[in-house]
Amino acid sequence: MRGFLTRFRNCVRRRPTQAMSDQNIFAAVLDKIRAANTALIKDGALPFGIDQSRIVVEPPRESAHGDMATNAAMVLAKDAGAKPRVLAEAIAAKLRSDDLVAKAEVAGPGFINLTLKPKAWIGALRAVLAAGANYGRSNVGGGSVVNVEYVSANPTGPMHVGHCRGAVFGDALANLLAFTGFAVTREYYINDAGAQVDALARSAFLRYRQALGEDIGPIPEGLYPGDYLKPVGAELATEYSAALRSKLEAEWLPLVRHRAIEMMMGQIRNDLLALKVVHDVFFSERSLLEGPRDQVSELIAALRRAGYVYEGRLPPPKGAPVEDWEDREQTLFRATAFGDDVDRPLMKSDGSYTYFASDIAYHKNKVDRGFRSMIDVWGADHGGYVKRVQAAVSAVRAITNTPTADLDVKIVQLVKLLRSGEPVKMSKRAGEFVTLREVVDEVGKDPVRFMMLYRKNDASLDFDLAKVIEQSRDNPVFYVQYGHARGQSVFRNAREVLAQLPAEPAPRASLLAGAPLERLEDAGELALMRRLALYPRLIEAAALAHEPHRIAFYLYDLASDFHAQWNRGKDASYLRFIIQNDPQITMARLALVQGVVTVLASGLGLLGVEAPDEMR
RNA sequence: GCGCUCGUAGCUCAGCUGGAUAGAGCACCAGACUUCGAAUCUGGGGGUCGGGGGUUCGAAUCCCUCCGAGCGCGCCA
């Protein structure tokens, strides 16, 4: 891969459905609103069959507006031929009789603001305690199969820092999708065909000769100079001794190439493992060409039959002048028929296929394997490639008659590596990259993973090696992990009052579920319960939008609420979680802490970050 | 020149696929605490959401157009 970053993958777009209302209180309230509307239809206040799909229930920005707000009246008003505020009042009147609703007020242009009774939030906490690690799990995915392709770094060298972000992003997104009911396949596309791996083979061959004692001098231009190929050379020397040296390149190259790629991929997998990034499938580009069938030729033939391939000429590129531009007729994919800016070549001048040709075949292969939803995670330097692959997928849709096949390409922006605010120097030209391994070894996988996800994927990111291991509030990784550790510390201390408190989460949660939760009436406690209640909704939205960063921000907010409540106990000792002479309130508060800890652990788990029992 | 991604507080960034008076952290200001219920806490000031048009009940969010930044621009992957 040429760029500093590599390619990755992303994508499906799906409407939120009626969710599991036992966990998701917003979905439960939406059901109540629909029921109210049904009653209004019976009353004749709303027409039969009115479209309710645009109704949403969401937390208002302004907490003074209550616990949740709905736009129901505003989206129904037009079809109902009623004024939004009048309709809102009618719906609100129905809702007021609901057991969980404390207040239903009409506001602004026709919002209905709802305030729920504390028992609603206590119910939410009970749901957390009952579900444990499964709290937030959903089935919006409905078991549909999704392919998430990420990393896919060229097997020509070790992974460098630029690969971190896509790797972590893809991995966390896959976790998130699996958690929300998608059948996820995590895939790595190995670019093991083409000129670059031949260059790798030649470089490795030099190292092989070197390992046999030859003086190879400087590594020629165009080959890979890195020391990381020395072990490959040594391995080849052990395996073949001098046998390869006398062979022609055509003979040794495939052998050396195969062995070198194998060893590079071994190292890459190893490095990924250090970041806790895993894949289910490593898909070889070469297998498309050299498998039982030549899938690339087949594909081009199929596209040609459909009229999407032709022989023609391309205008020279504008802007940056291309030195050896040669105007010639070539085999082109009619990408412009699918929204791309220009038609794209499928064959090089030497008669071999372009990378793009393989890539179309690769995406068709995914569709053939049953994936209707494909997500590609790529580095920003491949942004210019998106349109043509989207065009390719459109063509694949057409020739395979699979209208539902969908590709979402997620672009992750550059990561700027800093140390205490100063850019970390690396010389691209000399091949001096900071490797992924070096970074993980220096700061640990958790800071890398969390910080890579504590930003929207398409925003660029500064990663400061010094700041991410700081133990202070300024460091979100620490702040969130400390929240979890602090919760555990409360449990440890609580044994002074409740000697029987189990150390294991599940039995502890079930014991605490029996606590008198109605005694949780402090504003901070209610705020925490509200925050916990948001989690299932947040998870679903993050999954559907393919945006795992939302989890990281949510966790920060939750940890922040939790630390705040803890701190209130410093000034107001009656608010402490552990009250020596009142085991009942202690139990109730421990239940709340259990809820917090459960959700922190769940969210961190999705991000692939540890939830430690103590900070060391 | 074209395309893609961005542009939100002094700085770093959120803003839940169009909702109400746009949020958080840092920094700044003012208080509190003098400590293992440690790895600070509470409150406050601070904004033409890059500019200008448009769409509609309603726009940071969608469309158009400028400005600015990053990335990319046959036969590399």
Side-chain angles (χ1 to χ4, degrees), chain A residues 1-7 13 16 56 58-62 64-65 69 71 74 77-78 83-84 107-111 113 152-154 156 191 193-197 285 313-320 322 324-328 330-332 340-356 358-359 379-387 411 413-414 454-456 458-462 470-474 476 478-479 482 486 489-490 493 534 537-538 540-542 544-545 547 549-550 552-554 556-557 560 563-564 566-571 573 576-578 615:
Chain A
M1 184 128 317
R2 148 207 58 178
F4 181 60
L5 288 181
T6 190
R7 22 182 337 204
R13 214 142 279 254
V56 296
E58 54 191 6
R61 279 190 199 156
E62 203 58 49
H65 292 152
N71 62 353
M74 290 182 289
K78 201 169 184 182
K83 290 187 173 172
F111 286 101
N113 291 331
S152 300
N154 277 352
T156 52
N191 303 130
Q196 295 187 8
V197 285
E285 178 187 359
R313 290 170 192 281
L314 238 36
K318 305 259 162 71
V322 178
D324 50 354
W325 169 259
E326 167 199 358
D327 187 22
R328 66 177 181 90
Q330 50 188 338
T331 304
L332 298 169
D340 200 357
D341 310 309
V342 63
D343 291 338
R344 305 291 178 176
L346 296 172
M347 309 272 269
K348 303 183 207 169
S349 56
D350 67 359
S352 63
Y353 298 116
T354 58
Y355 174 80
F356 180 54
S358 303
D359 217 10
D381 53 347
H382 290 72
Y385 195 70
V386 175
K387 272 193 181 181
I411 296 294
Q413 280 294 338
L414 291 182
Y454 196 62
R455 187 121 316 175
K456 210 164 34 179
D458 52 17
S460 61
L461 159 62
D462 291 350
E470 233 170 60
Q471 300 217 336
S472 76
R473 180 175 186 155
D474 307 355
F478 169 77
Y479 197 63
Y482 181 41
R486 181 170 259 179
S489 148
V490 172
N493 293 332
L534 287 174
R537 181 179 181 274
L538 170 107
E540 240 176 55
L544 294 170
E547 294 186 351
H549 76 274
R550 293 189 197 182
F553 282 95
Y554 169 85
Y556 183 85
D557 289 340
S560 178
H563 289 307
W566 167 283
N567 286 315
R568 280 182 201 110
K570 276 164 78 173
D571 292 336
S573 60
R576 292 183 175 202
F577 297 121
I578 300 167
M615 302 306 288

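The chains referred to below are lettered A, B, ... by the order of the sequence lines, with proteins before strands, and numbering in each begins at 1.
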(request) Have a look at A/E285 and say if it touches a base, only the backbone sugar-phosphate, or nothing, with a 4.0 Å heavy-atom cut-off. (result) sugar-phosphate
(message) Need one value for A/P476: base, sugar-phosphate or nothing, where a base atom within 4.0 Å counts as base even if backbone is also close, heavy atoms only.
(response) nothing
(message) Using atom C1' in both nucleotides, what's the gap between B/G31 and B/C6 to the nearest angstrom?
(response) 40 Å
(message) Heavy atoms only, 4.0 Å cut-off, all strands: where does A/A459 land among base, sugar-phosphate and nothing?
(response) sugar-phosphate
(message) Check the orientation of A/H563 and A/Y479. Use parallel for under 30°, tilted for 30 to 60°, and perpendicular for over 60°.
(response) tilted
(message) Measuring centre to centre across the rings, with the benzene-like ring taken for any Trp, is A/H65 within less than 6.0 Å of A/F111?
(response) no
(message) Any base atoms under 4.0 Å from A/F111, or only sugar-phosphate, or nothing? Heavy atoms, all strands.
(response) base
(message) Could you identify the nucleotide paired to B/G72, looking across every strand shown and requiring Watson-Crick or G-U wobble geometry with both distances under 3.5 Å?
(response) B/C2
(message) Taking B/U5 as the reference, what is the distance to B/U21 when you measure between their P atoms (whole Å, please)?
(response) 30 Å
(request) Determine which nucleotide pairs with B/G25, using a 3.5 Å limit on both distances of a Watson-Crick or G-U wobble pair. (result) B/C11
(message) Measuring only the C1' atom in each nucleotide, how far is B/G10 from B/C73? A whole number of Å is fine.
(response) 37 Å
(message) Can you see whether A/Q196 engages A/T156 through a side-chain donor-acceptor pair at a distance of less than 3.5 angstrom?
(response) no
(request) Using atom CD of A/Q413 as one end and atom C1' of B/C71 as the other, report the distance to the nearest whole Å. (result) 7 Å
(message) Are the side chains of A/T354 and A/M347 in contact, using a 4.5 Å heavy-atom criterion?
(response) no
(request) Could you work out the separation of B/A59 and B/C76 based on their C1' atoms and round it to a whole Å? (result) 42 Å
(request) Indicate, with a heavy-atom threshold strictly under 4.0 Å, whether A/I578 touches base, sugar-phosphate, or nothing. (result) base
(message) Is it the case that the base of B/A20 and the side chain of A/N113 share a donor-acceptor contact (distance under 3.5 Å, atom types as modelled)?
(response) yes
(message) Without decimals, in angstroms, what is the distance between A/N71 CG and B/C16 P?
(response) 15 Å
(request) Find the distance A/Y479:OH to B/C41:C1' and express it as a whole number of Å. (result) 10 Å
(request) Would you mind reading off the distance between A/M615 atom CE and B/A38 atom P, rounded to a whole angstrom? (result) 17 Å
(message) Would you say that A/K387 contacts A/D341 through its side chain, given a criterion of any heavy-atom pair below 4.5 Å between the two side chains?
(response) yes
(request) Looking at every strand, decide which applies to A/P345 at a 4.0 Å heavy-atom threshold: base, sugar-phosphate, or nothing. (result) sugar-phosphate
(request) With heavy atoms under 4.0 Å as the rule, sort A/H563 into base, sugar-phosphate or nothing. (result) nothing
(message) Need the pair for B/C62. Rule: Watson-Crick or G-U wobble, both distances under 3.5 Å, any strand; none if unpaired.
(response) B/G54
(request) Establish whether the base of B/C41 is bridged to the side chain of A/R568 by a donor-acceptor pair shorter than 3.5 Å. (result) no
(request) Could you pull out the closest heavy-atom pair between A/N113 and A/A69, with the gap in Å? (result) OD1-CB, 3.5 Å
(message) Would you measure the distance from the P atom in B/A9 across to the matching atom in B/G18 and give it in whole Å?
(response) 23 Å
(request) Assign A/G569 to base, sugar-phosphate, or nothing according to its heavy-atom contacts below 4.0 angstrom with the strands shown. (result) nothing
(message) Looking at B/C13, I'd like to know if its phosphate oxygens (OP1 or OP2) sit under 4.0 Å from a side-chain N or O belonging to A/K456.
(response) no
(message) Taking 5.5 Å and 30° as the limits, would you call A/H382 and the base of B/G72 a stacked pair?
(response) no
(request) Determine: side-chain N/O of A/K570 to OP1/OP2 of B/A38, distance under 4.0 Å, yes or no. (result) yes
(request) Assign A/K78 to base, sugar-phosphate, or nothing according to its heavy-atom contacts below 4.0 angstrom with the strands shown. (result) nothing
(request) When you get a sec, tell me which of B/A14, B/C41, B/U5 is the closest nucleotide to the side chain of A/F553? (result) B/A14
(request) Examine B/C13: is either OP1 or OP2 under 4.0 Å from a nitrogen or oxygen in the side chain of A/R455? Give yes or no. (result) yes
(request) I would like to know whether A/E547 and A/R550 meet salt bridge (Lys or Arg N to Asp or Glu O under 4.0 Å); could you show each step before the answer? (result) CA-CA 6 Å; A/E547 294 186 351; A/R550 293 189 197 182; 2.8 Å; yes
(request) Starting from P on B/U12, measure out to OH on A/Y556 and report it in whole angstrom. (result) 17 Å
(request) Can you tell me the distance, in whole Å, between the CG atom of A/L346 and the C1' atom of B/G74? (result) 12 Å
(message) Say we look at B/G51 and B/U8: how far apart would their C1' atoms be, to the nearest angstrom?
(response) 15 Å
(message) If you assign A/A541 and A/S560 each to the RNA chain B nucleotide with the nearest heavy atom, which residue ends up on the more 5' nucleotide?
(response) A/A541
(request) Starting at atom CG of A/D571, determine the distance to atom P of B/G31, rounded to an integer number of angstrom. (result) 17 Å
(request) Taking atom P in both B/G3 and B/U65, compute the distance separating them and give it to the nearest angstrom. (result) 9 Å
(message) Closest-nucleotide mapping onto RNA chain B: is A/E58 or A/G383 further toward the 5' terminus? I mean the 5' end.
(response) A/G383
(request) Just compare B/A77, B/A20, B/G15 and give me whichever is closest to any side-chain atom of A/P60. (result) B/A20
(request) Look at all strands and tell whether A/R473 reaches a base, only sugar-phosphate, or nothing, counting heavy atoms closer than 4.0 Å. (result) sugar-phosphate
(message) Under a 3.5 Å cut-off for both contacts, is B/U42 paired Watson-Crick or G-U wobble with anything, and if yes, with which nucleotide?
(response) B/A30
(request) For B/U17, give its Watson-Crick or G-U wobble partner with both distances under 3.5 Å, or none. (result) none
(message) If I take atom CE in residue A/M347 and atom P in nucleotide B/A77, what distance separates them, rounded to the nearest angstrom?
(response) 14 Å
(request) Would you mind classifying the nucleic acid contact of A/A107 as base, sugar-phosphate or nothing, using non-hydrogen atoms under 4.0 angstrom? (result) base
(request) Searching all strands shown, indicate the nucleotide that pairs with B/C49 (Watson-Crick or G-U wobble; both distances under 3.5 Å). (result) none
(request) Determine, step by step, whether A/L346 and A/F356 satisfy the side-chain contact (heavy atoms from CB on, under 4.5 Å) criterion, reporting the C-alpha distance in whole Å, the side-chain angles of both residues, the deciding distance to 0.1 Å, and the verdict. (result) CA-CA 7 Å; A/L346 296 172; A/F356 180 54; 4.0 Å; yes
(message) Side chain of A/L314 only, heavy atoms from C-beta on: which candidate in B/G74, B/A77, B/G72 is closest?
(response) B/G74
(message) Could you report the tightest heavy-atom contact between A/D327 and A/L314, atom names first, then the distance?
(response) OD1-O, 4.0 Å
(request) Could you measure between the two P atoms, the one in B/C16 and the one in B/G7, and give it in whole Å? (result) 12 Å
(message) Under 4.0 Å, counting only non-hydrogen atoms across every strand here, what does A/R576 touch: a base, just sugar-phosphate, or nothing?
(response) base
